[in-house]
There are 2 protein chains.
Amino acid sequence: MSLITLIDFPPLGDGRGSLVALESHQSIPFDIKRVYYIFGTQKGVSRGFHAHKQLKQVAVCVTGACRMVLDNGQQRESVWLDSATKGILIEDMVWREIHDFTDDCVLLVLASEHYDEADYIRDYEEFLKQ
Amino acid sequence: MSLITLIDFPPLGDGRGSLVALESHQSIPFDIKRVYYIFGTQKGVSRGFHAHKQLKQVAVCVTGACRMVLDNGQQRESVWLDSATKGILIEDMVWREIHDFTDDCVLLVLASEHYDEADYIRDYEEFLKQ
């Protein structure tokens, strides 16, 4: 089974331009407690390198692109996020790394819980033991 | 009293780049039921031109810029949304228009309720009567 669960967000486009809507408990399979966006990522920088014990997230590049790596300790898979209409679901207990940000990348992430440092696993060896 | 309530979103920046986090019931004064983003807006197109009976929203340009006009029937005010760290709170029963989208504008909006066509007032004369 693939670690990569993509979610298609059909754009509500018309002659004016595009609009993508994400609804909690509909296309987004949880309550949206927190929204964050990553931008202005410096050249050569990768981010992530952690897992969450409980948190679930959906990530989408609203502009630009980046490469998401997911790893459950047995499998490691990679996918380009390169469309404002393509999200990825990141389950709990999945190690994630984000590489190859384009200069214009804005990575939008919706999260199922508020920020909680205690929910992070930041050490890969520790992650493998859990 | 100004119609314009800006919310400052301090970036959690470091040597890697920037991250802005929006938390429901903290910097965002409601449950986030719906998230949408507007992009690829065609040149010369304005959007909005409606009010909501109940819905509250927070809007921020995560890249690019646009000009938000708010109108409560007595006052009409305009503000540029031109920073990923500057949001605007749009209360219920406020007419909004969005003008002057830059080509690269991605306008992110967090909403307090799911989509409900019955909550829209799309006619300005009707809005003035309420």
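When reading the values below, keep in mind they use all heavy atoms of this one structure, side chains included, and skip hydrogens, waters and symmetry mates. Here is how names work: the chains are called A, B, and so on, in the same order as the sequence lines, proteins then strands, and each is numbered from 1.
Of the two parts of A/Val106, only the side chain, counted from C-beta on, holds a non-hydrogen atom closer than 4.5 Å to a non-hydrogen atom of chain B. At a 4.5 Å heavy-atom cutoff, B/Val58 makes no contact with chain A through either its backbone or its side chain. With a threshold of 4.5 angstrom between heavy atoms, B/Thr41 approaches chain A through its backbone and through its side chain. Neither the backbone nor the side chain of B/Ile28 comes within contact range of chain A, judged by heavy atoms closer than 4.5 Å. Residue B/Val35 touches chain A through both its backbone and its side chain, counting heavy-atom pairs closer than 4.5 Å. Only the side chain of B/Leu110 comes within less than 4.5 Å of a heavy atom in chain A; its backbone stays farther off. Heavy-atom distances place both the backbone and the side chain of B/Tyr115 under 4.5 Å from chain A.
Of the listed residues (B/Leu22, B/Thr63, B/Val45), the one with the most heavy-atom contacts under 4.5 Å to chain A is B/Leu22. Comparing A/Ile38, A/Val20, A/Asp31 by how many heavy-atom pairs each has under 4.5 Å with chain B, the most go to A/Val20. Counting heavy-atom pairs closer than 4.5 Å to chain B, the top residue among A/Leu19, A/Val109, A/Leu108 is A/Leu19.
With a 6.0 Å radius and a threshold of 12 heavy atoms from other residues, nucleotides or ligands, A/Gln54 has its CD atom at or below the threshold.
Inter-residue side-chain proximity for A/Ile90 and A/Met68 is flagged as met; some heavy-atom pair is nearer than 4.5 Å. The shortest side-chain heavy-atom distance between A/Leu107 and A/Arg47 does not fall under the 4.5 Å cut-off. Annotation: side chain of A/Glu23 is not in contact with side chain of B/Tyr36 (no heavy-atom distance under 4.5 Å).
Contact check on B/Lys56 versus B/Asp92 returns a salt bridge, with a Lys/Arg side-chain nitrogen under 4.0 Å from an Asp/Glu carboxylate oxygen. Remark: A/Lys53 does not engage A/Glu113 in a salt bridge, criterion side-chain N to carboxylate O under 4.0 Å. For A/Asp103 and A/Lys43, the salt-bridge test passes: some basic side-chain N is under 4.0 Å from an acidic carboxylate O.
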